[in-house]
Chemist: 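Have a look at this one.
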Amino acid sequence: MSSSNAADDAVLANLLADLNPNQRLAVTSPANGRLQIIAGPGTGKTKVLTSRVAYLMLKEKIPAHHIIVTTFTKKAANELTERLETLLKDTAIDVSKILAGTFHSICYRVLMIYGKKLGIENYNIADDRDSDHILKEVLSNLGGSDVDFLAGLPDEDTIQFKANQGTEKKYYGYDTKKIKRQISKLKSSGIKYDTYENMAIHNKCLSFFYKRYQTKLQQSCLLDFDDCLLYCNVLVSTYPVMNFVEHVLVDEFQDTNEIQLQLMYQFARGHPTNKQMQDNVTIVGDPDQSIYAFRDAQAINFEKMSEHYARRYPTPCNIVSLTDNYRSTTDILVFSETVMRQQQKRILKSLKSQIDTTFKPVYYNLTSPEEEAKWICYQIEHLMALPNSPFRFTDMSVLVRAAYQTRAIENEFVRRRIPYFMIRGKAFWDRKEVVAILDYMRIIAHDNDRVAFLRTINYPKRGLGEKTIASIEALLERETISGRESVYKTLQQIVDNEFKEVKLTSKTRQTLTSFLKMISEARVKLNELNIYLKNDSIDQDRKASDVADLFKFIYSRSGLEHEFANDPNQDLNVKEVEKQLCEYKYKEEELPLFHGGQESDVAEDSRNYLARFIHSVGFYETEEEDRSHSEENGNKKYRGKVALSTIHGSKGLEWPVVFVPGLSEGLLPARFAVNNGGPEAVDEERRCFYVATTRAKTLLYMSSYTSLGSGGWNVIENVSRFLERIRGTEHITDFQDAFKSWDSLRKLYEVVNKEVPTKESFPLQHFNKLYEGRLTPFIKGESFSINEESFRKSVNDNVMSGIGFTSAAMELNKKRRPIGLGANIKKQLKPSMAPQMKPFRPLITTPVGQRAPPYRPPSLKSNRAPVSITPAISSSNTNRAPAYIPDRKSSSQRRPNLGNRAPSTHQK
DNA sequence: TGGAGAGGAAGCTTT
DNA sequence: TTCCTCTCCA
């Protein structure tokens, strides 16, 4: 046996020893076969998946580059490879060769290399804004006969695509979102427009728009997100370009849609002759956590997969269920399962908690989102007030159904200075300033990015009028169809007066000339960067400086620097893009040559530095603030931040303490699901709830509110149906049981591995009395404080002396600035708020008899919601962490105000 | 061309 | 309530 084999065996043995019997069964299932791993929450899914991949390489000797692993997000793919790298560091396996990524990124890679077989060459990705733009163009440019055609269609064909009201004038009353949704649905089912057109039953209106939209995308050399999957599927089912693949693993299988299922089959088809290397698939998922039906995910794929392979093989899919839960306590699991059992037609699950101690979930009903937010703060502050800090802020999260629900909570967190951050990585790449600089990078990287050209041509404002822009737009569309002429060149011709349709004033001509000059000069710089794509040995510092030079040129000459100069946050965010660009390392995105393939089949990657960078962020490489290291850096004072997230965003994560507010009819289940969705939509809402509650490890807090809303708005009448049969049962409690006795408190400390305080040092009974007694007055607006000082007032001084009493307030006061409120929080607050915020007082309470300082939710231009997503946490104390402050648009889209009003600024 | 003001709609999850 | 869109006017 060679030494490398011995090392492999040792690694494998270690790895298997670390698994429970069911996990081991799954991991060691034969490579040649079909395996479904049903992994409930907290059952070690990621561990099993990584171990499985390692097993396939170590034991079954499948080369890394013959394995595909699809994950739900890019982040998950990165985590997987990182874990594997650690796991396999002592072996000769090159983990980076594994084809790991989202379906979208893998498909785009395949199309880039083999797309020319379908005539797809040098295509770019159309992000949502691009595809919106294209569809709007389609609707704006309808000819007379088109309008007549549409007008002649029966109502039943058009009604579902019409805007509700009001927008009659625009787009002939059509709602582009509704059209896009349905087109996306067709694409997700693998239906191309020409197929749809010829289907016996089809909607003529949809068919019309689908064809127009697709034609336009093609003419613009663009693929939307769905196209990446759709055309890749066409490609791989027509040409055997992926026949080198020996095993396909799919994570989060419950969230795959039809086209992804088809892609899985195609990828797994495998070797042309060797049967051992065909149809080898491992999927991991949990039907109970399927919460992406709106993206056409279908949990039925589990059954479809079984049936598909049953037709081809005598032996059925091997199914292994993981039932040992290492995350949550029994009460949390029992509660979650009880909720899920309300769903008809579901395979019962019995997860077994591996944790001995358990505390009942806490539930409370309130009368407004603001009260609910206060209730959450109240609970957090009591947890933080326990001696010896069993919990840190970073151990807690608040999970909401809809992003806008975070508003009331954020407001209260700001007021009570509870540090928090939002989990929503995508937001950064959505910010106005980030999008703007990326658009400039796009027009420099590509000659032909019409949509980006149109967005940059008058942003920042250069004094071009609406009519001028419209005439340029029309001309560009005509001249650049199917890449006949480049956008850049056409613009040049417009400036040179070669088209009668566009008349420019001398001032406009001058403006456009310098716009084009900026592009051509930037391109000269860009070309010089291309040497850095191939040659690794080049001086990294020089590379960074050259890249930064190009970036600065673009930022300054585009006028964006001037545009964002007044807002330090915007400027900081742009600088973050610069940092990312400078640090960007090009990773070869090659695929192994397929059996029977020639080198000439493979397209060479001719993209320039900027283009590659832009594609790398195209599928949203999300950088999320790292919560795990908050106690490191030798600084125990910093206790991180409470995580605020949508339930969807929390998937795969866990916290010792989880809050799930908004358990009301209309919120969870969401109103749209109840009104238009039918029982299946409600089931999906219930699964959302399930995902949320099963994020909790030790303590679970849930709340609801019923409220008459304001002005008839957003009336919430009832507590969520999901709680109907659970309220008032022994499954839940209204106050935290862990505080009730010394015995339970001791268990709480033990479960989080902290030293139990002595009875003498902590007046538990008193604490408990205050905890129960002060809640109502606090929620109704009375002052409240929980700290050493207030305790002293009410109990014997001796008791309190010398103990490690802590509190949220004290914790915060150790730092002289608000943590996590966004670096520029003070700027965001109205002037009237500033004096309240500046001096850090020992109490995080409002003075008795006075209402909390008026915090008005930010309305952008000047003020922002303190969403702090800070990838660059300041490690030095000299600089503030650059805060990504989202722009108005993304924030407002995500957080419309629906009854979650800011606390009133007026006294009643 | 672009800012101010009026009027009306509104809600969700994301590659 | 908030925000977007449209219209009007400087």
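Each chain gets a letter, A, B and so on, in the order its sequence line appears, and its residues count up from 1. Owing to the predicted nature of the structure, the values given are computational and were not obtained by experimental measurement.
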Chemist: Roughly how far apart, to the nearest Å, are B:dG11 and C:dC6 at atom C1'?
Modeler: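 Per the computed distance, 23 Å lies between those C1' atoms.
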Chemist: Measure CG/A:Asn458 against P/B:dG2 and give the value in whole Å, please.
Modeler: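 Result: 6 Å.
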Chemist: Of the listed nucleotides (B:dT15, B:dT14, B:dG11), which one gets closest to any side-chain atom of A:Phe225?
Modeler: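 The closest nucleotide is B:dT15.
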Chemist: Kindly indicate, with the supporting measurements, whether the criterion ring-ring contact (aromatic ring centres under 6.0 Å, His included) is fulfilled by A:Tyr123 and A:Tyr231.
Modeler: CA-CA 12 Å; A:Tyr123 269 51; A:Tyr231 288 99; 8.5 Å; no
Chemist: So if I take every side-chain heavy atom of A:Arg407 and compare against B:dT13, B:dT15, C:dT2, which nucleotide ends up nearest?
Modeler: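 So the nucleotide nearest the side chain must be C:dT2.
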Chemist: Check the distance between B:dT15's P and A:His615's NE2 and give it to me in whole angstrom.
Modeler: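 Result: 18 Å.
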Chemist: Hydrogens and angles aside, do A:Gln262 and A:Glu258 bring a side-chain donor and acceptor to less than 3.5 Å of each other?
Modeler: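 Yes, because at least one side-chain N or O of A:Gln262 sits under 3.5 Å from a partner of the opposite role on A:Glu258.
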Chemist: Whole-Å distance between B:dT15 P and A:Leu111 CG?
Modeler: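 After rounding, the reported distance stands at 19 Å.
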Chemist: Measure from CG on A:Asp175 to C1' on B:dA9 and round the result to the nearest Å.
Modeler: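 For the pair A:Asp175 CG and B:dA9 C1', the rounded distance is 12 Å.
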Chemist: Starting from P on B:dT13, measure out to CG on A:Asp683 and report it in whole angstrom.
Modeler: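 Between P of B:dT13 and CG of A:Asp683: 21 Å.
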Chemist: Heavy atoms only, 4.0 Å cut-off, all strands: where does A:Tyr292 land among base, sugar-phosphate and nothing?
Modeler: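 Touches sugar-phosphate only.
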Chemist: Calculate, to the nearest 0.5 Å, the distance between atoms CG and CG belonging to A:Asp255 and A:Asp286 respectively.
Modeler: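 One finds 10.0 Å between CG of A:Asp255 and CG of A:Asp286.
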Chemist: Can you measure A:Glu685 atom CD to B:dT13 atom P for me and round it to whole angstrom units?
Modeler: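 Distance, rounded to whole Å: 11 Å.
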Chemist: Hey, which sits more toward the 5' end of DNA chain B by its nearest nucleotide, A:Thr468 or A:Ala670?
Modeler: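 Residue closer to the 5' terminus by nearest nucleotide: A:Thr468.
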Chemist: Among B:dG2, B:dT15, B:dT13, which nucleotide has an atom closest to any side-chain atom of A:Thr102?
Modeler: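 In terms of side-chain proximity for A:Thr102, the closest of B:dG2, B:dT15, B:dT13 is B:dT15.
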Chemist: How long is the span from the CG atom in A:Leu230 to the CZ atom in A:Phe225, to the nearest 0.5 Å?
Modeler: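 Spacing of CG (A:Leu230) from CZ (A:Phe225) equals 15.0 Å.
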Chemist: Tell me the interatomic distance from A:Leu667, atom CG, to B:dT13, atom P, rounded to whole angstroms.
Modeler: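 For the pair A:Leu667 CG and B:dT13 P, the rounded distance is 13 Å.
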Chemist: Is the closest side-chain heavy-atom distance between A:Arg671 and A:Glu665 below 4.5 Å?
Modeler: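 They are not in contact (no side-chain heavy atoms under 4.5 Å apart), so the answer is no.
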Chemist: Let me know the distance between CZ of A:Arg181 and P of B:dT13, rounded to the nearest Å.
Modeler: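 A:Arg181 atom CZ is separated from B:dT13 atom P by 14 Å.
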Chemist: Among B:dT13, B:dG11, B:dT15, find the nucleotide with the atom closest to the side chain of A:Phe294.
Modeler: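 Per side-chain heavy atoms of A:Phe294, the pick is B:dT13.
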